[in-house]
There are 2 protein chains.
Amino acid sequence: MENAGVQTVSSQRLGKIEGVNPSQIRKDLSMFGSFGHRGFGYEVSQLKAHITEILGLNRKWSLVIIGAGQLSNVFINSGAFRKRNLRIRKIFDDTPELIGKKIKGISVSGMKNLEEEIDPETDNLAIIAVPPNRVQSVIDRLGKIGIKGALYFAARAVNAPEDMVVVNQDVSVELGTLTYHLKARINQGAG
Amino acid sequence: MENAGVQTVSSQRLGKIEGVNPSQIRKDLSMFGSFGHRGFGYEVSQLKAHITEILGLNRKWSLVIIGAGQLSNVFINSGAFRKRNLRIRKIFDDTPELIGKKIKGISVSGMKNLEEEIDPETDNLAIIAVPPNRVQSVIDRLGKIGIKGALYFAARAVNAPEDMVVVNQDVSVELGTLTYHLKARINQGAG
DNA sequence: TAGATTGTTAATCGATTAACAATC
DNA sequence: TAGATTGTTAATCGATTAACAATC
């Protein structure tokens, strides 16, 4: 909206865009403060700034990527991180040809140096892009040195320390969602 | 669990693994049938079969990928699709060097042939892996020819026809979730 | 001022959890 | 049989929505 030059937006309009009730929009936002103006709505740039702050994306974060495969490359090249103040500081992988090299300016270290080269004071979170059967061991190692947040991609549940936020974003769940709904529609069409 | 040779599992144990109340497990499953045995729990292989069927993953699905970038390659190489009976039938992209070629045995066509070469009777769903600003137009085109399900990756909301299930899986949301929680923890630590 | 829209309280709705009879 | 655990009903809890005074 900001790019489109929209100045002001109402809960009504926001609700329509996101497919939720306008009250929901107002209620949710009011949990964090009063960002709107009665009679007018919300100023787009202000609202964006507030949400950015709520999410903690107004400050800089440092992160490491574990695993230097195709998926990691997607992230390294995506710009989604830079745009959100998320700096990829280091990559860990066990491929001999990559260790000691740089990928897009980010240096690659061997997995065995993980504990040594990650400092939770510096690196706030980790993206775990290793094969599914290695995810748990990586989380264990990261948890042990005190990393407090991680994102992983695997069709399985994992264990993590109490004070570590671990989020899964495997495509499997969404694929299941799609086929579940499609199945229902097809049956409906047939019935 | 099946791989680990576990025969039987209780709602108690499943709840522990997923971090939810055992009642929740039983209630949710009972929406679709009675898959357990009183006094014993659920038989792992049977439960898996039931869930597979509920999700519609017991039948074969055909899908197309729009966009032949790095992300598409992750999917093409991942095996997550084949494992779930999801067959990638065709890829669409506008890179001249790719059109007419095959990627891992899947043929690539130009974007302009999209309407011509996709038949919703054959292709049930689409993975949209194009730059964010092109996602909406792809959804419009797919919706028009009657594709009923799509998965896309972009930090923006889209419009789709009523009868089309569109799921977003952009990494941005999860990154925001992580920084939101981390921020709270850090403030807590400081306070 | 009249019209619009917020922020918030109250009402509704649905989802989660507890409890327990059924039963393996 | 005694112990365990489901499937389901009832109770609780929380989330969503409606309503409206405040006010721009």
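Just so it is clear, the model here is predicted, and its values are computed rather than measured. The sequence lines fix the lettering, A, B, ..., with proteins before strands; numbering per chain opens at 1.
B:Val108 and B:Phe75 fall within the same hydrophobic cluster, defined by Ile, Leu, Val, Met, Phe, Trp and Tyr side-chain heavy atoms under 4.5 Å apart, directly or through other members. By the rule that hydrophobic residues join a cluster once side-chain heavy atoms approach within less than 4.5 Å of another member, B:Val135 and B:Val171 end up as members of separate clusters. In this structure, A:Ile139 is not a member of the same hydrophobic cluster as A:Val165, with clusters built from ILVMFWY side-chain heavy atoms closer than 4.5 Å. Hydrophobic clustering of Ile, Leu, Val, Met, Phe, Trp and Tyr side chains at less than 4.5 Å, counting indirect connections, unites B:Phe153 with A:Ile65.
Listed for the B:Lys148 side chain is no donor-acceptor partner under 3.5 Å among the backbone atoms of B:Asp163. Without hydrogens or angle criteria, B:Arg141 side chain to B:Met111 main chain gives a donor-acceptor distance under 3.5 Å.
The nearest pair of heavy atoms linking A:Leu98 to A:Ala68 is CD1-CB, 3.9 Å.
Non-hydrogen atoms lying under 4.0 Å from DNA chain D are contributed by B:Ser10, B:Ser11, B:Arg26, all within residues 1-26 of chain B. Of the residues in residues 33-43 of chain B, those lying under 4.0 Å from DNA chain D by heavy-atom distance are B:Ser34, B:Phe35, B:Gly36, B:His37, B:Arg38, B:Gly39, B:Phe40, B:Gly41, B:Tyr42.
Screening residues 34-58 of chain A for side-chain hydrogen bond (donor to acceptor under 3.5 Å, both in side chains), with sequence neighbours left out, gives A:Glu2-A:Lys48.
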Q) Using Watson-Crick and G-U wobble pairs with both distances under 3.5 Å, what is the 5'-to-3' dot-bracket string of DNA chain D, with [ ] for crossing pairs and | for pairs outside the strand? A) ..||||||||||||||||||||||

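A:His181 is linked by a ring-ring contact (aromatic ring centres under 6.0 Å, His included) to nothing, counting only residues two or more places apart in sequence or in another chain.
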Q | Stepwise side chain to side chain contact (heavy atoms under 4.5 Å, CB included) check, A:Gln169 with B:Gln169 | A | CA-CA 8 Å; A:Gln169 178 160 309; B:Gln169 178 160 312; 3.4 Å; yes

Q | Derivation of the side chain to side chain donor-acceptor pair (under 3.5 Å) call for B:Ser62 and B:Asn124 | A | CA-CA 6 Å; B:Ser62 169; B:Asn124 313 103; 5.2 Å; no

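For DNA chain D, the contact window with chain A, defined by any atom under 4.0 Å from a protein heavy atom, covers D:dT16 to D:dC24 in 5' to 3' order.
The environment of B:Glu115 atom CD is dense: over 12 non-hydrogen atoms of other residues, nucleotides or ligands sit within 6.0 angstrom.
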